[in-house]
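Numbered from 1 within each chain, the chains take letters A, B, ... in sequence-line order. Bear in mind the structure is a predicted one, so any value in this text is a computation, not a measurement.
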Number of protein chains: 2
Amino acid sequence: MQHDTPIPPSGKRESGDCRRLNIAAAARAIIVERGLEGLRTRDIAARVGINIATLHYHVPSKEALITLVADSLRHDFQAQALRNSRDGKTALELLRLEFADFRETVHETPELIIVLTALIEKARRDPAIGAIMTPLYDFWRAQFVEIFRQGVAEGSFRANLDPASAALITTGALTDYWRQWTSFRASFDNLTQELEHAFIAQTIPSKDQN
Amino acid sequence: MQHDTPIPPSGKRESGDCRRLNIAAAARAIIVERGLEGLRTRDIAARVGINIATLHYHVPSKEALITLVADSLRHDFQAQALRNSRDGKTALELLRLEFADFRETVHETPELIIVLTALIEKARRDPAIGAIMTPLYDFWRAQFVEIFRQGVAEGSFRANLDPASAALITTGALTDYWRQWTSFRASFDNLTQELEHAFIAQTIPSKDQN
DNA sequence: TCATCAATCAATCATTTGATTGAGGTGTGG
DNA sequence: CCACACCTCAATCAAATGATTGATTGATGA
């Protein structure tokens, strides 16, 4: 829950970039805990272990701070998207890779999805945030569009499948799954299984799954 | 955007219940415009046309106010859910009825979904809101679960369909769609069409569509 | 050694914001 | 007409909050 890069206890200094990373991480943690409406510059400074004035030295305003968070989110997402090679795989393999990536992201850095949805919500009414978040979300969905397009071409996915709509359904289902604190206990495996069934060309009932 | 029940311009009074309705509506409008983090009691009072103290007379605290909004949301949703009879319909008809209901809700009271998602977000960290929103969201999803269960029993939906996961996919796709594409368009038809394809038994056996 | 600059902080400001107080008004039953 | 419940407001409070100021510290290069 604390900083990944601990701050030296004594009077040592941090570089500007490093500080901005600390600040973004602290802001994200607070957004997870108390939401955007509970985000206070003082709390962020306290969490980083610096004075409010120092925070304002590195990040001029609260608006800039939220933009910083959005940027850090984009950075993390893109870094994650490039970890696994996508070459020479079938559409189904790619789809499962995406599911695995999402599961891994959710497990390793669960706050990522929470902050993402919070900022996407904000993006609707804040153009500056929208400029960052919309391309990010579009990029994620575009990956699915491409997978579905390929799958249809391969013949492994339904012929009447609309890649754009299918991608929308998939990203929607995944994010909504994350919102699933409720009594509604569908497992992630059930969900992805169901998504596969929804898009795969149903052959005559022969066991084909590996 | 304004009150459904206009306030008499002169010094007339409103009944407590009516005032609370006005207040809830104003609060919802502001949440749509500025999000939960932009919700200010003064703005609500101004929108209703009353003094801040009067607002506090009717709704003791901001927390109670958000609870009021959640309650009003539940009221609207349940009223909407009971408009159309569900008896004697096939699963596919019921599914389409749900889609039509969603579309209608979005058209008539577009702020409903926005405020719903905002409060569901808040529900994760606020038990009082969770107590209201969780059953509400579960209720919506449970309707889909029942439809899918029926459809599988009827044989019109895939035999290997998991009702719970399918419901999650459906509610997720609908809410996520609405979150981003606030301009409602033909693509909604594409989305629902794709959802139908995803769940309907595709088939070699015979044509079964109506 | 010293000038310079990035980084930091204590103190403080000016608003904002949720909430309260006390003093009325308005309608209704008796 | 009175009393009483219900409703409303102007004025105000105390705390929270985003931001600024002016001074200080440590590192770096000339």
> B:His56 has an atom NE2; how far is it from atom P of C:dT21, in whole Å?
Replying inline: 12 Å

> Taking CG from B:Leu21 and C1' from D:dC7, how many angstroms apart are they, rounded to a whole number?
Replying inline: 16 Å

> Between the axis at one end of the helix from C:dT1-D:dA30 to C:dG30-D:dC1 and the axis at the other (five pairs apiece), what's the angle to 10 degrees?
Replying inline: 0°

>> Given 3.5 Å as the limit, does a donor-acceptor pair link the side chain of A:Lys122 with the main chain of B:Gly35, or not?
In response: no

> Does a side-chain heavy-atom distance below 4.5 Å link A:Asp126 with A:Ile66?
Replying inline: no

> Does OP1 or OP2 of C:dT8 have a side-chain N or O of A:Arg19 closer than 4.0 Å?
Replying inline: yes

> Once you round it to whole Å, what is the distance between P of D:dA16 and CG of A:Leu39?
Replying inline: 17 Å

> Would you say A:Tyr57 reaches C:dT8's phosphate, i.e. side-chain N/O to OP1/OP2 under 4.0 Å?
Replying inline: no

> Does OP1 or OP2 of D:dT8 have a side-chain N or O of B:His58 closer than 4.0 Å?
Replying inline: yes

> Would you call B:Gln193 and A:Asn160 a side-chain contact if the rule is heavy atoms closer than 4.5 Å?
Replying inline: no

> For B:Asp43 and C:dT17, what is the distance between atoms CG and C1' respectively, to the nearest whole Å?
Replying inline: 10 Å

> CZ of A:Arg141 to CZ of A:Phe144: how many Å apart, nearest 0.5 Å?
Replying inline: 10.5 Å

>> Heavy atoms only, 4.0 Å cut-off, all strands: where does B:Leu65 land among base, sugar-phosphate and nothing?
In response: nothing

> Okay, side chain of A:Thr134, backbone of A:Ala131: is any donor-acceptor separation there less than 3.5 Å?
Replying inline: no

> Between B:Asp101 and B:Gln80, what is the shortest heavy-atom contact and its length?
Replying inline: O-NE2, 3.0 Å

> Ion pair present between A:Arg34 and A:Glu37, side-chain N to carboxylate O less than 4.0 angstrom?
Replying inline: no

>> Check the phosphate of C:dT17 against B:Thr41, side-chain N and O only, distance under 4.0 Å to OP1 or OP2. Yes or no?
In response: no

>> Over all strands shown, is B:Leu55 touching base, sugar-phosphate only, or nothing at heavy-atom distances under 4.0 angstrom?
In response: nothing

> Between A:Tyr137 and A:Thr171, does any side-chain donor sit less than 3.5 Å from a side-chain acceptor?
Replying inline: no

>> How many whole angstroms separate atom CD1 of B:Ile30 from atom P of C:dG18?
In response: 11 Å

> In whole angstroms, how far is the P atom of C:dG18 from the CD atom of A:Glu37?
Replying inline: 12 Å

>> I need the CD1-C1' distance between B:Ile66 and C:dT17, as an integer number of Å.
In response: 14 Å

Can you pull every protein N or O that's under 3.5 Å from an N or O on nucleotides 9-13 of chain C?
residue	atom	partner	partner atom	Å
C:dC9	OP2	A:Asn51	N	2.7
C:dC9	OP2	A:Thr54	OG1	2.9
C:dA10	OP2	A:Asn51	ND2	3.2
C:dA10	N7	A:Asn51	ND2	3.2

> How many Å lie between NZ on B:Lys62 and C1' on C:dT17, as a whole number?
Replying inline: 8 Å

> B:Phe102 vs B:Phe188 aromatic rings, parallel, tilted or perpendicular, using cut-offs 30° and 60°?
Replying inline: parallel

